[in-house]
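What follows is a single structure, written as structure tokens, with notes after it.
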Amino acid sequence: MSLHQEIRRRVEAAVVAALGPEHAQGESLLQPSRDPRFGDFQCNAALPAAKALGSKPRDLALKIVEKLDLAGLCAAPEIAGPGFVNLRIEDRALASALMATHGDPRCGVAPRSAPQRVVVDYSSPNLAKDLHVGTFRTTVIGDSIARTLEFLGHTVLRQNHYGDWGTNFGTLVAVLKREFGPDLAALERLDLPQIEALYTQGSSLRKDDPAFARDAAEEALKLQQGEPSSRAAWRRLMDVTLANCAEIYQRLDVTMKPEHDRPESSYNADLSVVLDDLQRLGLLTTSEGAKVVFVDGFVNREGEPLPAIVQKADGGYNYTTTDLAAMRHRVRNLRADRIVIVTDRGQSLHFEMMAAVARKAGWLPESTVFTHVGYGVIQREIEEDGKKKKVRFKTRAGGTVKIRELLAEGVERCEKIALEKNAELAPSERTEIALRLTVAGLKYTDLKQRPDTDYVFDWDQMLAVQGDTGVYLLYAYVRIRSVFEKAGADAASKVLLGELRFTHPAERELALHLAKCEDVFSEYERELAATPLCRYAYDLATLFNRFYHDCPILKAEEEGVRAARLELSYLAAERLRLVLGLLGIRTVERM
RNA sequence: GCGCCGGUAGCUCAGUUGGAUAGAGCGUCUGCCUCCGGAGCAGAAGGUCGUGGGUUCGAAUCCCGCCCGGCGCACCA
């Protein structure tokens with residue numbers, strides 16, 4: 001049990017004894033103090049209780065303190081202000097709690113006692129195209145959620161629910177047939193850039209040529225119906241595009257693998273079942289030629305009921321149908337306790353309606369939690385008529401920005417910086433490190449902000465060597481590793497490098513922060529936002545840098561102090577690596 | 001029009017199941033390299049938390065109104 005939890009248990013017992021169990025709940029029971037002068041933790045339970053009990057908060061605080069037994073953990077509690085109870089952890093307790101986690105790859109964070117089966121649906125790249133920034137956020141955010149929930153002990157079922165179906169592919173197949181005729185042998189030689197060019201051609205044809213638009217819709221339908229020549233063309237497109245996708249995932253350090261593929265097409269056979277069930281349940285109505293479900297509470301701009309369309313007037317299914325089939329599959333077959341879908345914020349209404357339909361149809365029981373993580377758009381700042389404007393992130397020509405190109409530019413920039421800062425790196429190592437720094441910069445920038453907000457893409461800010469950036473975090477880690485290298489210490493040591501002791505405030509502050517590692521995860525499971533994790537990592541790096549600056553480690557005057565500082569550095573490095581790993585950021589040994 | 005999200009330092013953002021003097025980065029200004037990686041550290045200046053009410057011992061946080069911005073609202077996903 002962590003130090004924080006142990007203290008919490010004792011404070012809870014005291015508050016229950018002094019005020020009753022109804023006053024021993026929530027955040028006010030125990031929280032970290034924001035100012036070191038108020039100790040390390042504080043219990044604020046007396047304040048809200050005073051209102052309910054009609055007594056003075058200070059009197060209640062006194063009662064709590066009388067019942068409080070923190071022997072061996074904290075110094076004598078102090079009552080301050082209107083009735084805060086301030087607690088200060090004893091150095092010995094802090095030191096031994098930390099040392100107990102030495103060598104633990106989990107850094108003392110216990111797995112959840114009631115693990116869940118959690119489906120995390122993310123990435124879902126636009127196939128037939130190279131991966132572009134549009135898929136960047138879902139991939140990075142979703143991957144971090146998957147990693148973190150998995151770390152907490154949940155069974156994570158990654159699902160790559162990419163769109164290999166529908167109008168987009170109908171369009172492509174229609175173009176292919178138009179270009180190459182019925183003989184699709186020529187397809188074998190097509191590479192991704194060529195496929196992309198054809199797709200662009202198809203999109204504009206669809207806008208300008210009604211006959212082609214009809215062909216495209218028809219091909220989409222044929223795919224769903226399994227027409228052989230359409231399917232053959234489709235298969236080829238998939239092979240090229242998936243190979244490309246795997247390569248980008250690998251470079252981006254993403255844990256989504258081919259075995260997590262669960263594309264839209266895999267629900268093909270379930271779509272009619274979805275329709276039949278809705279019919280049988282009496283939820284289905286026909287409106288303007290389409291088969292729809294009306295759910296209370298959703299209205300269109302005229303104030304009329306807004307339907308969820310599950311079968312288009314032309315007989316084709318759409319993404320609501322597929323999402324419903326997916327929902328059904330995830331609950332019935334995957335036995336999910338929780339379903340998380342990561343897409344852009346603009347789809348919120350769709351998922352709200354879809355989930356409402358799924359609830360009504362009984363596919364999504366009350367016991368299953370559904371969370372749509374909706375994220376904002378990546379923007380670029382441009383100047384127009386002398387005014388600064390934010391627009392969706394596109395190339396100057398107006399095209400989509402490819403992740404491949406993003407990585408290439410990042411590597412180029414990082415190599416230049418690395419060359420300035422550390423000329424000793426061999427070129428091949430420098431390139432490898434540049435990629436890691438780029439990925440760290442891209443991911444950290446994205447994750448440190450709450451997902452639902454928009455942000456402006458800015459290389460200089462993202463790869464800045466100072467400030468709250470991925471590079472700063474990796475630098476802190478590299479510094480520690482460098483100390484270890486000089487010390488000749490085993491970086492993966494199973495035995496303590498020294499007994500922790502605190503001879504300088506910077507040591508204790510760092511130690512306290514390290515001991516709070518577990519705390520960041522309680523909020524995480526609720527919000528599914530990595531922002532607090534990023535904050536924790538940044539504070540850790542800053543506190544380490546301060547300690548490093550103020551306290552000589554290898555040159556410490558006394559052997560015991562030297563060993564203690566080495567141990568503290570070890571514990572810091574382990575936690576930094578752990579948290580960065582949950583963000584999808586791999587550490588480097590040199591930079 | 002309805003719905004969702006947002007408005008916090010010059011800029012970019014944390015903090016929002018109510019708690020002590022509202023935090024960080026960038027930028028600006030000022031210090032610190034005979035010392036383990038200065039890609040670092042320390043300090044200063046900078047705030048009517050959009051606005052007006054309300055609840056409370058206590059509000060950036062909860063409730064109501066209003067203003068501004070973004071997004072969504074029938075067969076694309």
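Model, not experiment: these values are computed from the prediction. Excluded from the calculations below are hydrogen atoms, water molecules and symmetry mates; all remaining heavy atoms, backbone and side chain alike, are included. Order of the sequence lines fixes the chain letters, A, B, ..., with proteins taken first and strands second; residue numbering starts at 1 for each chain.
Between the P atoms of C36(B) and U16(B), the separation comes to 41 Å (whole Å). Using atom C1' as the reference point in both C62(B) and G19(B), the two lie 14 Å apart (nearest Å). Spacing of C1' atoms, A9(B) relative to C66(B), comes out at 26 Å, to the nearest Å. Nucleotides G7(B) and C13(B), compared at atom C1', are 13 Å apart to the nearest Å. Taking atom C1' in both A14(B) and G58(B), one finds a spacing of 23 Å when rounded to whole Å. Annotation: A44(B) and C26(B) have their P atoms spaced 16 Å apart (nearest Å). Taking atom C1' on both U12(B) and U21(B), the two are 25 Å apart, rounded to the nearest angstrom.
Here A42(B) sits opposite U30(B) as a Watson-Crick or G-U wobble pair (both hydrogen-bonding atom distances under 3.5 Å).
A close approach under 4.0 Å does occur between a side-chain nitrogen or oxygen of Tyr538(A) and OP1 or OP2 of G25(B). Put simply, Lys390(A) has a side-chain N or O that comes within less than 4.0 Å of OP1 or OP2 on U12(B). OP1 and OP2 of G37(B) both lie 4.0 Å or more from every side-chain N or O belonging to Arg590(A). A sub-4.0 Å separation between OP1 or OP2 of C13(B) and a side-chain N or O of Arg450(A) is absent. Side-chain nitrogen and oxygen atoms of Lys56(A) include none within less than 4.0 Å of the OP1 or OP2 phosphate oxygen of C57(B). OP1 or OP2 of C41(B) sits under 4.0 Å from a side-chain N or O of Tyr472(A).
Glycosidic conformation of C13(B) is anti; the angle lies outside 90° of 0.
For Gln42(A) and A20(B), a side-chain-to-base donor-acceptor distance below 3.5 Å is present, hydrogens and geometry of angles not being considered. The base of A39(B) has none of its N or O atoms less than 3.5 Å from a complementary donor or acceptor on the side chain of Tyr475(A). Counting distance only, with no hydrogens placed and no angle test, the side-chain atoms of Ser287(A) and the base atoms of A74(B) include a donor-acceptor pair under 3.5 Å. Remark: the Asp539(A) side chain and the A14(B) base include no donor-acceptor N/O pair separated by less than 3.5 Å.
Residues Arg436(A) and Glu432(A) are paired through a salt bridge, judged by an N-O separation under 4.0 Å between the basic side chain and the carboxylate.
Distance Leu463(A) CG to G25(B) P: 19 Å, rounded to the nearest Å. In this structure, Arg345(A) places its CZ atom 6 Å from C1' of C5(B), rounding to the nearest Å.
Distances were taken from every side-chain heavy atom of Gln466(A) (C-beta onward) to each of C26(B), A20(B), C75(B); the shortest belongs to C26(B). For Asn422(A), whose side chain is taken as the heavy atoms from C-beta onward, the closest listed nucleotide among A20(B), G37(B), U21(B) is G37(B).
Here the two rings, on Tyr538(A) and Tyr472(A), have centers that are under 6.0 Å apart.
Note: Phe457(A) and Trp459(A) have perpendicular aromatic rings, judged against thresholds of 30 and 60 degrees for the angle between ring planes.
Between Thr135(A) and Ser124(A), the closest side-chain pair of non-hydrogen atoms is not below 4.5 Å. Two residues are said to be in side-chain contact when any heavy atoms from C-beta on lie closer than 4.5 Å; Met238(A) and Leu127(A) meet this criterion.
Annotation: cation-pi pair Arg479(A)/Phe484(A) absent, no NZ/CZ under 6.0 Å from the ring centroid and within 45° of its normal.
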